> 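One structure coming up, written as structure tokens, with questions to follow.
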Amino acid sequence: QEQLVESGGGLVQPGGSLRLSCKASGFMMDEHAIAWFRRAPGKVQEGISCIGSRDGSIYYIESVKGRFTISRDNAKNTVYLQMNNLKPEDTALYYCATDPREGRAGCSNNAITGRYNFWGQGTQVTVST
């Protein structure tokens, strides 16, 4: 059975760093685009980054460019989100997502595309003094 499990969140001071992990079981992540989303209290969910399945596409929203880095470790069936220079406005519940059964999740260098219908439980990131 497919599963996504996020980890690595926590409380960090502004300017600090965290590395989020998204580990899959039940399917091979390298066959699918994977995206990170976040939802802050009182705000709509936003897609912040994605990584393509085999074409090397990577996308970031403007607000995290230069601070966040998405990567894969296919041997560990895990996608990471390295977050540096964190700001209070990065505080949110972070989710990874994909579409493991129909493979419709997509990623281009300009946008998160396709359909993301399979989600992990999320990991909380809080940036505060």
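What you see is a predicted model, and the numbers here were worked out from it, not measured in a lab.
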> Can you confirm whether the side chains of Asn110 and Ser108 place a donor and an acceptor under 3.5 Å from each other?
no
> Can you measure from CD1 (Ile48) to CD1 (Ile112) and round to the nearest 0.5 angstrom?
8.0 Å
> Got a donor-acceptor contact below 3.5 angstrom from the Glu6 side chain to the Gln121 backbone?
yes
> Could you please spell out the steps behind the side chain to side chain contact (heavy atoms under 4.5 Å, CB included) verdict for Thr123 and Tyr94?
CA-CA 5 Å; Thr123 185; Tyr94 284 70; 4.3 Å; yes
> Hey, does the side chain of Arg67 reach the backbone of Asn85 with a donor-acceptor pair shorter than 3.5 angstrom?
yes
> Check whether any side-chain N or O of Asn74 sits under 3.5 Å from a backbone N or O of Asn77 as a donor-acceptor pair, and report yes or no.
no
> Can Val64 be reached from Phe37 by stepping across I, L, V, M, F, W or Y side chains whose heavy atoms are under 4.5 Å apart?
yes
> Mark yes or no for whether Arg115, through its side chain, and Gly103, through its backbone, hold a donor-acceptor pair below 3.5 Å.
no
> Considering only heavy atoms from C-beta outward, does the side chain of Met29 approach that of Leu4 to under 4.5 Å?
yes
> Any pair with a residue in residues 2-80 that passes disulfide bond (SG atoms under 2.5 Å apart), sequence neighbours left out, goes on the list, sorted by first then second residue, please.
Cys22-Cys96, Cys50-Cys107
> Keeping Ser49 on the side-chain end and Tyr59 on the backbone end, is there a donor-acceptor pair under 3.5 Å?
yes
> So, the side chain of Tyr116 versus the backbone of Trp36: is there a donor-acceptor pair under 3.5 Å, distance only?
no
> Does Thr126 use its side chain to pair, donor to acceptor, with the backbone of Thr91 at less than 3.5 Å?
no
> Using side-chain heavy atoms (C-beta onward) and a distance below 4.5 Å, is Asp90 in contact with Arg38?
yes
> Quick one: does Ser57's side chain get under 4.5 Å of Ile51's, heavy atoms only?
no
> So which heavy atom on Glu102 is nearest to which on Asp99, and how close?
N-OD1, 3.4 Å
> Are Phe68 and Gln82 close enough that some pair of their side-chain heavy atoms sits under 4.5 Å apart?
no
> Parallel, tilted or perpendicular: which describes the rings of Tyr95 and Trp119, with under 30° parallel and over 60° perpendicular?
perpendicular
> With a 4.5 Å cut-off on side-chain heavy atoms, are Glu31 and Ser53 touching?
no
> Closer than 3.5 angstrom, by distance alone: can the side chain of Lys87 be matched with the main-chain N or O of Gly15 as a donor-acceptor pair?
no
> Any donor-acceptor pair under 3.5 Å linking the side-chain atoms of Asn84 with those of Ser17?
yes
> Please report the closest heavy-atom contact between Pro100 and Asn117, naming both atoms and the distance.
CD-OD1, 4.4 Å
> When rounded to the nearest 0.5 angstrom, what distance separates NE2 in His32 from CZ in Arg104?
13.0 Å
> Is any side-chain heavy atom of Thr69 closer than 4.5 Å to one of Leu81?
no
> Between Ile70 and Tyr80, is there shared hydrophobic-cluster membership here, with clusters defined by ILVMFWY side-chain heavy atoms closer than 4.5 Å?
no
> Using the rule that Ile, Leu, Val, Met, Phe, Trp and Tyr join whenever any side-chain heavy atoms are under 4.5 Å apart, tell me whether Tyr60 and Leu20 fall into a single cluster.
yes
> Are Ile61 and Met83 connected in the hydrophobic side-chain network, where two residues link if heavy atoms are under 4.5 Å apart?
yes
> Where do Arg72 and Ala33 come nearest, in terms of heavy atoms and distance?
NH2-CA, 4.0 Å
